[in-house]
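Taking it in order: structure first as structure tokens, then the write-up.
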Amino acid sequence: MNRINQKLEEDKKLLSIYFTAGYPNINDTVTVIENLEKSGVDMIEIGLPFSDPLADGPTIQASSTKALHNGMTSERLFEQLKNVRKTVSIPLIIMGYFNPMLQYGVEEFCKKCQEVGIDGLIIPDLPVDVYHDNYKSIFEKYGLINVFLITPQTSEERIRYIDSISNGFIYMVSSASVTGSQSGFGDAQTEYFQRIANMKLKNPQIVGFGISNNETFMQATKYAKGAIIGSAFVKHLTNSGVEKVDDFVTSILT
Amino acid sequence: MNRINQKLEEDKKLLSIYFTAGYPNINDTVTVIENLEKSGVDMIEIGLPFSDPLADGPTIQASSTKALHNGMTSERLFEQLKNVRKTVSIPLIIMGYFNPMLQYGVEEFCKKCQEVGIDGLIIPDLPVDVYHDNYKSIFEKYGLINVFLITPQTSEERIRYIDSISNGFIYMVSSASVTGSQSGFGDAQTEYFQRIANMKLKNPQIVGFGISNNETFMQATKYAKGAIIGSAFVKHLTNSGVEKVDDFVTSILT
Amino acid sequence: MSYNINEKGYYGEFGGAYIPEMLYPNVEELRQNYLKIMAEPSFQEEFNALLKDYVGRPSPLYFAKRLSEKYNTKIYLKREDLNHTGAHKINNTIGQILMAKRLGKNRIIAETGAGQHGVATATVCALMGIECIVYMGEIDIARQAPNVARMKMLGATVIPALSGSRTLKDATNEAIRDWINNPVDTHYIIGSVVGPHPYPDMVAKFQAVVSEEIKSQLLEKEGTENPDYLVACVGGGSNAAGTYYHYLDNEDVNIIAIEAAGHGIDSGESAATSVLGKEGIIHGSKTLLMQTKDGQITEPYSISAGLDYPGVGPMHANLYKTGRAEFIAITDNEAMKAGLDLCKLEGIIPAIESSHALAVFEHKKFKPDDIVVLNLSGRGDKDLQNYIDYFKL
Amino acid sequence: MSYNINEKGYYGEFGGAYIPEMLYPNVEELRQNYLKIMAEPSFQEEFNALLKDYVGRPSPLYFAKRLSEKYNTKIYLKREDLNHTGAHKINNTIGQILMAKRLGKNRIIAETGAGQHGVATATVCALMGIECIVYMGEIDIARQAPNVARMKMLGATVIPALSGSRTLKDATNEAIRDWINNPVDTHYIIGSVVGPHPYPDMVAKFQAVVSEEIKSQLLEKEGTENPDYLVACVGGGSNAAGTYYHYLDNEDVNIIAIEAAGHGIDSGESAATSVLGKEGIIHGSKTLLMQTKDGQITEPYSISAGLDYPGVGPMHANLYKTGRAEFIAITDNEAMKAGLDLCKLEGIIPAIESSHALAVFEHKKFKPDDIVVLNLSGRGDKDLQNYIDYFKL
Ligand SMILES: Cc1ncc(COP(=O)(O)O)c(C=O)c1O
Ligand SMILES: Cc1ncc(COP(=O)(O)O)c(C=O)c1O
């Protein structure tokens, strides 16, 4: 059973953290992963940096630019992750844009993911249909869960369709926006979280975008299975470095 | 008999000098006239300054601008010339553009000219036809000779027409150009001077434009009755002031 | 009574050719030939083909919906701003360059204020491979920099006029001086309906295509050739002459001429010739001009380089004197505001000259079913810096 | 075989909609409605009326006599430079603003490179009274200052894109981010035949008026609808798409696409996508793009802001892949020289983008009786400073 599915079965609200591979320094990737696990995080999204991350806000974009500048590539990432499963056991997801994967070769990319112990992928610009028609079988062959996004604007019909072809969790974007652009949730979000909860989907939902502290984490996980923090953590890395990961996670959970 | 006609009957080549009234200083007008006569000049053209002297080059234009700035007006000029005939006996001509005369009233202007002892007018932008149809009788009433220009481009037919309505001399522009733009005469000019001489016009010709020293004065008067110097004299006034008029005239005549 | 020119080259008592003898052969050659040449089928054909394929005529007659709503009347804009080079000026320069060629000239001179006429002249000279010299006041060179750059790109020589107010009037003086100095091979392409006869008439006839088009376009859109009002700004008056031309003697159509009041009629810094001018001679023509009581030509002022001229063409002097046209003076401020308004309401950035015309709607109330045709004589690209500075955008 | 789009939104293997889910509702709404709306008689009527009366269409097909003589072939210029706002871009923005209105949107965003699309968008927004935000790379803001000024005059908000190469690619990223953040009331007016389906097709259809006009104009002038060659520059590819549209499947007509080689194909500073690009995903579309072997998008370079883009639209990727079009890469230097040449020979100052297309004549020899139709996509007013600096005029 995939580590993601296992984790989702645990009876707790999950905290998932996003960070950009090769940031702040090229060799920080595994350190950050290890420190996150040690701090009690449930799941990690490893950002494969992209030159033109159009679903991301300035914070993550800046970290991607830095990481690329540091020399991060798909090849290098797999190299760094070669032994990660010797020390880390929580689910690891690669989050990245489609073009670098396409250039690597989608099948080759998936194969490498399996080899190093990646459990799933989040590819914001790979549409559900294209995935379904062209890549689903490859992902499955290598035991990878592909995670799709929904937003407050996604129609019920489409949510059900996405639920039907998902086999891990649904990435519930808190509000239609790029990463890092919200602070705090209002009535609209609560209403949306509730609406989705009421749909009783087969896949659990994890909320992303706009979570930055304990308060928003609690709000987000009131109706959902878990929450993902990205920009706030990347900012913390920028300001406090890889050794203080613990502080950040503690501040979210308590 | 008009002083101009009298002068033209003298058996000599005539030197006529142009200067701008009220230049360099507002009250220099009569001084310049007196000094010119004393230096042996045969005829004087008193420039009535105009804001937009489009047949004049930079030297005369600058002197006009200065004179206007000094406060020169038609009224003021007539005022200055009120007693000029007490001291000066050579022919005096006013050279000016038509608009200031029009505003003064053409008849009034002519009347004043007669009163102060002006003998003729040169108005570059008053065309022959308009003069003939509208103003000839007024000029004649006040005993004024109107002087017309011809250029190397003027057709023979038109020269004969201009000759027919002239009653003093013809102002022969040495080459088609604004004042002050030539230095020295070439074959084309000589050929032109000769051609006009051969036409045996009833009015004598006086050459203007481009005469600046003894050499050009001699060339110009080889075929013509006289020559007019403008820019070169105005430059001399600018550099040497009204007291040194004598030097200039001497340099031309010897 | 006709408001057009008579055989002697006069509109009423205005016009004529008050030129130094040095210009006589040139002007006379033109006078004797211009009507004949313009009537030649080969001339007509070449002129019309260039207007269509090169200039982009007909220029649209655009119903300005949002502007009309704002002023509760029916406003049509004659889009001369869409012409090649961005103003009505090119209609005239196309005509004159064809004229110059047929007169055997191989050197062209021009004066320019806003630079539009300079650009239009440089353009047709490039098109025909003829040398081009443009005189432009030093002040105008500074305030219409984009057009100076364009003239250079087109291979023209731009010579600054340094005398007087260093604007259009002085550039015209310099051009005339050049023509005096080059009497044989040079044609002077005057940029407006000014100068000695036959220029005002020739330029008006080249610009007349504007009203010719208005007639058929309005017929198509409104079922009538006749608007209730024609509106145009008047610098020298060429875009206005083109707009009025075919309606001059049709008194069903009201004519409005807009002049530049600068800082205000009584401010001493103005270019509103009809109010401030008197009869006199400027640049070879008897017309209305701003002058001292002593007959010296006054230095005009307008924020708009194309209207910064102390005279108007003799056609307009006559339209004023006879009362055929209503003259309205618009200040810098009013014009700038009207210009920005057009940007915001219609997505069209007008030349500041044209903005003066547009300000008519704040000055005069039209009836809801009045049809007002306004000549949008040029686009505002040349004026961007002025607008930006003015509005601190 | 058709070179047009298929029902799935692909040209051959290129196209599609590779977009984040956040954009799905917007893009899907557009995909479902665009053909239906475009087919509505009221849409057609409004679109065509604005193209005629506001934009000034048809744009002339001008036989460039002196240019043709120089290169000993028959050169026709399609004068998109004469359109309102000075380039072909307005054809598309007129179409899209009408589309946006019918979709009930009340806020418009756009990206721009040369600023022409930004100006064209700001213009139609002013015309319709709709809020407008334009993203523009910081570098492009500096090198196309006149267009920035124009957008401000028209009331648009210009937001600098500070990331990446700070040019068109990055402005597009920012615009997409804005759209993600404003998914309900906002329509994104993309300026070229790029982006997710249905944009490439929709923009091509709005630009198709260009080839529609060429057909009838050429028939009138040459007795045939078919030129031997069509030439256009390709940034994203919209002016080219419009030029080719009605000839795509007519293989009697040769198609030439001109790309920007910058300092040279092998210089590392170039934007010649067909030579340097590989298949990949950019801005929601599978197409050719310049990228590292690792799939990072390369920062392109061209002196021309409108061609400074690392991809081409999917139509063009397919035309390249299939060999239907010949692709030629032109350096900065070649383009600038060709631009100045057009000024001097024809009195037309071209946009630097269009100058790239004009350089074709130094690269390829045409036969004396070949008919070559070249899209003069824009005028060079926005580029004056660049030309002047480059040539030290
Ligand atoms: C756009 C525009 N409109 C109007 C004028 C004024 O000239 P005219 O009165 O001859 O039309 C100019 C002169 O440069 C101009 O550029
Ligand atoms: C004048 C001009 N031509 C061409 C282009 C390139 O765009 P496209 O390839 O979409 O025609 C631009 C873009 O701004 C432009 O302004």
Side-chain angles (χ1 to χ4, degrees), chain A residues 48-58 61-62 64-65 68 71-77 96-105 109 122-131 133-134 148-155 158-159 162 170-173 175-182 209, chain D residues 8-10 13 15-29 111 161-165 168-186 195-197 278-287 289-299 310-311:
Chain A
L48 176 62
F50 183 50
S51 55
D52 295 78
L54 44 76
D56 289 301
Q61 187 180 13
S64 300
T65 304
L68 288 172
M72 184 48 69
T73 64
S74 305
E75 195 59 57
R76 189 96 174 243
L77 178 59
Y97 289 81
F98 192 46
N99 197 52
M101 303 178 192
L102 200 61
Q103 301 310 315
Y104 199 88
F109 194 92
I122 303 176
I123 311 167
D125 61 342
L126 177 62
V128 188
D129 288 337
V130 178
Y131 167 75
D133 296 352
N134 303 318
F148 297 106
L149 278 56
I150 63 171
T151 81
Q153 274 67 46
T154 311
S155 68
R158 187 166 169 84
I159 292 173
I162 287 173
I170 288 174
Y171 190 136
M172 191 161 103
V173 175
S175 66
S177 68
V178 294
T179 56
S181 29
Q182 296 291 316
F209 290 48
Chain D
K8 290 195 153 167
Y10 282 83
E13 56 200 278
Y18 294 77
I19 48 164
E21 185 63 29
M22 293 81 101
L23 290 180
Y24 182 83
N26 267 322
V27 172
E28 182 61 13
E29 178 187 26
E111 88 295 342
L162 304 171
S163 60
S165 54
L168 180 52
K169 161 177 91 70
D170 312 286
T172 309
N173 291 339
E174 292 302 336
I176 292 176
R177 287 190 184 110
D178 181 310
W179 210 18
I180 289 175
N181 286 334
N182 296 281
V184 180
D185 61 339
T186 298
H197 179 66
K278 281 197 326 185
E279 290 176 30
I281 311 284
I282 183 172
H283 297 141
S285 172
K286 184 183 260 184
T287 186
L289 63 139
M290 288 163 53
Q291 49 185 316
T292 65
K293 72 173 196 325
D294 207 51
Q296 306 298 339
I297 299 174
T298 306
E299 295 187 2

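Values reported hereafter were calculated over all heavy atoms of this structure, with side chains retained and with hydrogens, waters and symmetry mates removed. Protein chains get the first letters and strands the later ones, always in sequence-line order, with residue 1 at the start of each. On a predicted model such as this, the values are computed, not experimentally measured, just so you know.
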Heavy-atom closest pair, residues D:Glu299 and D:Gly164: OE2-C, 3.3 Å
Counterpart residues, side-chain hydrogen bond (donor to acceptor under 3.5 Å, both in side chains), relative to D:Thr298 (two or more places apart): none
So for [X], is it side chain, backbone, both, or neither that comes closer than 4.5 Å to the heavy atoms of chain A?
X        : answer
D:Lys278 : side chain
D:Glu279 : backbone
D:Ala17  : backbone
D:Asp170 : side chain
D:Gln291 : side chain
D:Ile297 : both
D:Leu162 : neither

Test item: D:Gln296 side-chain N/O and A:Ser51 main-chain N/O as donor-acceptor pair under 3.5 Å: yes
Contact leader toward chain D among A:Thr73, A:Asp52, A:Ile123, where contacts are heavy-atom pairs under 4.5 Å: A:Asp52
Pick from A:Pro53, A:Ala62, A:Ser155 with the largest number of heavy-atom pairs that fall under 4.5 Å of chain D: A:Pro53
Gap separating the CD1 atom of D:Ile281 from the CD atom of A:Gln103, nearest 0.5 angstrom: 8.5 Å
Residues D:Glu21 and A:Arg158 bridged, charged N to O under 4.0 Å: yes
Mutual orientation of the aromatic rings belonging to A:Phe98 and D:Tyr18 [parallel < 30°, tilted 30-60°, perpendicular > 60°]: parallel
Using non-hydrogen atoms only, which part of [X] is less than 4.5 Å away from chain D: side chain, backbone, both, or neither?
X        : result
A:Asp56  : backbone
A:Leu149 : both
A:Tyr104 : neither

